[in-house]
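Here the structure comes first, spelled out in structure tokens, and everything after it is commentary.
Values below: all heavy atoms of this structure, side chains included; hydrogens, waters and symmetry mates excluded.
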Amino acid sequence: MGSFSIWHWLIVLLIVVMVFGTKKLKNLGSDLGGAVKGFKDGMKDGQADAPAQAPAGQVTQSNTADKTTIDVEAKQKS
């Protein structure tokens, strides 16, 4: 009762094809694929452009401070 059978999904698919047509569905699929590809390329470019930084939350020591003093830098998320 809580799950849809294959016949329910076939009827839904038939109604969607009748409403939108195959040409619009094809264009929608290619547009969605292009958007995903663009997002992945943007993520790669963003990682390549970012300068090499210490991972967030890493504790570093300052050269001018006493050897027993640990300098912690809090960074804000943008």
Side-chain angles (χ1 to χ4, degrees):
M1 235 177 140
S3 177
F4 291 109
S5 70
I6 188 70
W7 294 109
H8 289 108
W9 291 116
L10 288 174
I11 292 170
V12 169
L13 179 65
L14 179 67
I15 292 171
V16 168
V17 168
M18 288 175 61
V19 169
F20 293 108
T22 56
K23 191 172 185 177
K24 282 189 179 180
L25 291 176
K26 180 182 172 186
N27 291 342
L28 178 70
S30 63
D31 290 344
L32 182 63
V36 170
K37 184 177 180 182
F39 178 75
K40 286 181 181 179
D41 290 342
M43 291 299 290
K44 286 180 186 176
D45 290 344
Q47 289 176 352
D49 292 343
Q53 296 178 354
Q58 183 176 0
V59 177
T60 59
Q61 284 188 334
S62 174
N63 293 336
T64 60
D66 187 51
K67 292 292 182 188
T68 59
T69 305
I70 297 176
D71 223 1
V72 178
E73 183 179 348
K75 297 182 180 180
Q76 292 181 345
K77 291 185 179 180
S78 53

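Atom OG1 of T22 is separated from atom CG of N27 by 9.5 Å, given to the nearest 0.5 angstrom.
V19 belongs to a hydrophobic cluster whose remaining members, ordered by chain and number, are I11, V12, L13, I15, V16, V17, F20, L25; membership requires side-chain heavy atoms of ILVMFWY residues under 4.5 Å apart, directly or through intermediates.
By the ring-ring contact (aromatic ring centres under 6.0 Å, His included) test, W7 pairs with no residue at all, sequence neighbours left out.
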Practice item. Dump the intermediate steps for side chain to side chain contact (heavy atoms under 4.5 Å, CB included) on V36 and K40, then the final yes or no. Key: CA-CA 6 Å; V36 170; K40 286 181 181 179; 4.0 Å; yes
